[in-house]
Every structure is written in C-alpha cells, then in structure tokens.
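Numbering starts at 1 and runs along the sequence shown.
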Amino acid sequence: MPNEISKRVGQSYGKVITKREHTPLIHKVYGHEKDTPGIRLRKARLERNLFLRELAELARLTPETIRNIEKDVYECKTGLKVTTAKKLAKALDKPIWYVGFYDKLTEKTLGQKLKKARLYHGHTLVEAAKYLGVDEKTIRKWEKDKKSPRSDMLKRLKKYLEILITG
C-alpha cells in the first residue's frame with residue numbers, strides 16, 4: 001500500500017516479522033486540514049503505531065466499531081459516546097475531549113456548556129447526576145435548556161464548568 005512502509009521488527013519461528021509504519025495522514029477540504037472524530041482517532045492510532053485490531057483489543061471494542069469511527073460512519077455532531085471515548089482515550093493515552101471531539105461542541109447556552117463540561121469530565125448522565133447530587137432527568141432537562149438550575153445549584157455547577165476554562 002502506498003501509505004505504508006514495512007519495518008523489520010524481529011523473527012519468530014524462522015519467519016521475519018514486519019510492522020507497518022504509516023506516512024502522515026492529511027485530509028484537506030478547500031485548502032484547510034479537515035478535522036473529524038475519525039481523522040483524530042486514526043491519527044492517534046497511527047502515532048502509537050497500532051493496527052486497527054490492536055487498538056480494538058486495547059480499548060475492548062470491536063474492530064468494526066473502530067473502523068466505523070475512523071471512516072466517520074457515525075454522525076458525530078455531538079462527539080462520540082462518552083463510554084466509547086473513555087475506552088479509546090485510555091488506550092491511546094489521549095485526553096477524552098480530544099478523542100471524543102468534545103472541544104468542537106457548541107457552548108452558547110448553559111445547557112450546552114453543561115453537556116460539554118460533562119463530556120470533558122468523561123461522565124455519563126448517571127455519573128454527572130451522582131457527582132452533582134441531582135437526578136439524571138434533571139441533568140437531561142438542564143442540558144436541553146428545558147429547565148434552569150436553582151441559584152444554590154448554580155454555585156456547584158460553576159465548579160463543574162471550570163473544566164472548560166482549564167481543559
């Protein structure tokens with residue numbers, strides 16, 4: 001394949017073992033480098049010199065899941081599912097926000113900021129609710145801007161949202 005270079009890494013049972021090295025991956029759209037969850041994942045995987053199956057094993061995901069993410073089969077306007085992003089971030093030693101594509105989420109409303117902060121923390125709705133001491137449905141309503149938090153809860157949320165400033 002033109003995008004790969006083979007490198008001899010050892011011998012096993014008399015056979016030469018080679019590991020592919022990849023050339024840099026650059027996707028451009030209208031003169032700008034394109035940024036998608038799939039491109040980020042593939043770039044991170046290639047930086048670690050991992051085959052797709054190796055990453056799947058490390059992250060305890062199926063190779064098909066990794067392949068579909070890399071091909072941007074999934075609609076990722078809201079980033080990857082937090083449970084998937086956690087596994088990939090750990091396996092690739094990358095921040096969850098980078099792997100999950102959460103830095104690209106909009107944060108115009110309090111609900112959008114809350115969802116982005118929750119994902120930066122790597123929390124599911126249940127984990128965020130437990131951390132903040134509220135019901136999961138309450139978090140969901142806040143994130144959809146259907147309900148506003150009380151003033152006493154805003155103080156707790158302020159600390160939770162700080163990750164967006166420091167992250």
Side-chain angles (χ1 to χ4, degrees), residues 25-27 29 32-167:
L25 183 72
I26 298 174
H27 292 271
V29 177
H32 300 288
E33 190 173 327
K34 189 176 176 185
D35 191 20
T36 68
I39 290 171
R40 284 187 182 188
L41 179 61
R42 183 168 165 84
K43 192 185 253 183
R45 178 173 64 81
L46 297 178
E47 283 173 7
R48 296 270 323 265
N49 200 23
L50 293 171
F51 289 113
L52 195 133
R53 286 199 180 280
E54 292 171 324
L55 177 57
E57 284 178 30
L58 284 171
R60 297 178 188 225
L61 296 167
T62 65
E64 292 76 24
T65 299
I66 306 289
R67 190 175 300 111
N68 286 336
I69 294 168
E70 286 190 0
K71 289 183 176 182
D72 288 313
V73 170
Y74 298 123
E75 186 63 39
C76 290
K77 289 179 185 172
T78 58
L80 297 177
K81 279 181 22 179
V82 71
T83 52
T84 304
K86 273 187 199 181
K87 292 175 184 180
L88 290 169
K90 184 177 180 185
L92 293 166
D93 195 30
K94 292 282 186 186
I96 191 168
W97 60 263
Y98 176 81
V99 174
F101 207 63
Y102 304 142
D103 56 318
K104 299 297 181 182
L105 296 178
T106 309
E107 51 180 293
K108 293 178 183 174
T109 68
L110 179 61
Q112 290 171 338
K113 288 177 185 177
L114 179 59
K115 182 173 184 173
K116 189 172 182 174
R118 175 176 63 81
L119 295 171
Y120 262 63
H121 282 288
H123 289 163
T124 62
L125 280 168
V126 173
E127 292 167 336
K130 186 176 179 181
Y131 181 86
L132 293 169
V134 295
D135 189 59
E136 173 189 347
K137 291 176 187 175
T138 304
I139 299 276
R140 191 177 286 118
K141 287 177 185 176
W142 289 344
E143 286 185 0
K144 292 182 178 182
D145 291 308
K146 291 184 177 181
K147 192 176 179 183
S148 295
R150 295 186 320 260
S151 59
D152 62 322
M153 183 52 72
L154 282 172
K155 290 177 185 172
R156 240 190 281 171
L157 285 176
K158 185 179 177 187
K159 185 174 181 179
Y160 194 72
L161 293 170
E162 282 178 3
I163 196 167
L164 297 177
I165 298 165
T166 59

L92 and L50: side chain to side chain contact (heavy atoms under 4.5 Å, CB included), yes or no, with the steps?
CA-CA 9 Å; L92 293 166; L50 293 171; 4.2 Å; yes
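- Here NZ of K141 is found 8.5 Å from CG of D135. Values are rounded to the nearest 0.5 Å.
- Taking the charged nitrogens against the carboxylate oxygens, R118 and E143 do have a contact shorter than 4.0 Å, which makes a salt bridge.
- Within a 6.0 Å sphere centred on CG of D93, heavy atoms belonging to other residues, nucleotides or ligands number 12 at most.
- Considering only heavy atoms from C-beta on, V82 stays 4.5 Å or farther from L125 through its side chain.
- For R42 (side chain) and E70 (main-chain N/O), no donor-acceptor pair under 3.5 Å exists by modelled atom type.
- No donor-acceptor pair closer than 3.5 Å links the side chain of R53 to the backbone N or O of P63.
- The two atoms that bring D145 and G111 nearest to each other are OD1-N, 2.9 Å, heavy atoms only.
- Atom OH in Y98 sits 10.0 Å away from atom NZ in K104 (nearest 0.5 Å).
- Taking 4.0 Å as the cut-off between side-chain N and carboxylate O, E127 and K86 count as a salt-bridged pair.
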Walk me through it: do K158 and E162 pass the test salt bridge (charged side-chain N to carboxylate O under 4.0 Å, His left out)?
CA-CA 6 Å; K158 185 179 177 187; E162 282 178 3; 5.9 Å; no
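- No side-chain heavy atom of I96 sits less than 4.5 Å from a side-chain heavy atom of L88.
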Check the pair Y160 / H123 against side chain to side chain contact (heavy atoms under 4.5 Å, CB included), numbers first and verdict last.
CA-CA 11 Å; Y160 194 72; H123 289 163; 2.7 Å; yes
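- Here R45 does not pair with E54 in a salt bridge; the nearest charged N to carboxylate O distance is not below 4.0 Å.
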Where do L55 and L61 land on the side chain to side chain contact (heavy atoms under 4.5 Å, CB included) test, with the steps shown first?
CA-CA 8 Å; L55 177 57; L61 296 167; over 6 Å; no
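- Put simply, the residue from K113, Q112, K116 that forms a side chain to side chain donor-acceptor pair (under 3.5 Å) with E107 is K116.
- Note: L58 CG to K90 NZ = 10.5 Å, rounded to the nearest 0.5 Å.
- Looking at every heavy atom in both residues, G38 comes nearest to D72 through N-OD1, 2.9 Å.
- Expressed to the nearest 0.5 Å, how far OG1 of T84 lies from CZ of R60 amounts to 14.5 Å.
- Annotation: the span from K71 atom NZ to T36 atom OG1 amounts to 13.5 Å, rounded to 0.5 Å.
- Between the H121 side chain and the A128 main chain, no donor and acceptor come within less than 3.5 Å of each other.
- Looking at W97 and I163, their side chains never come closer than 4.5 Å, going by heavy atoms from C-beta outward.
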Would you please test E47 and K94 for side chain to side chain contact (heavy atoms under 4.5 Å, CB included) and show each step?
CA-CA 11 Å; E47 283 173 7; K94 292 282 186 186; 2.9 Å; yes
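- Between A85 and G100, the shortest heavy-atom contact is CB-CA, 3.9 Å.
- Counting heavy atoms from C-beta on, the side chains of S148 and L154 never come closer than 4.5 Å.
- Considering CG of L114 and CG of L164, their distance stands at 9.5 Å, rounded to 0.5 Å.
- Contact of the W142 side chain with the K115 side chain is not registered, since no non-hydrogen atoms from C-beta on lie closer than 4.5 Å.
- The closest side-chain heavy-atom distance from F101 to L80 is not below 4.5 Å.
- Between R40 and V99 the shortest side-chain heavy-atom distance does not fall below 4.5 Å.
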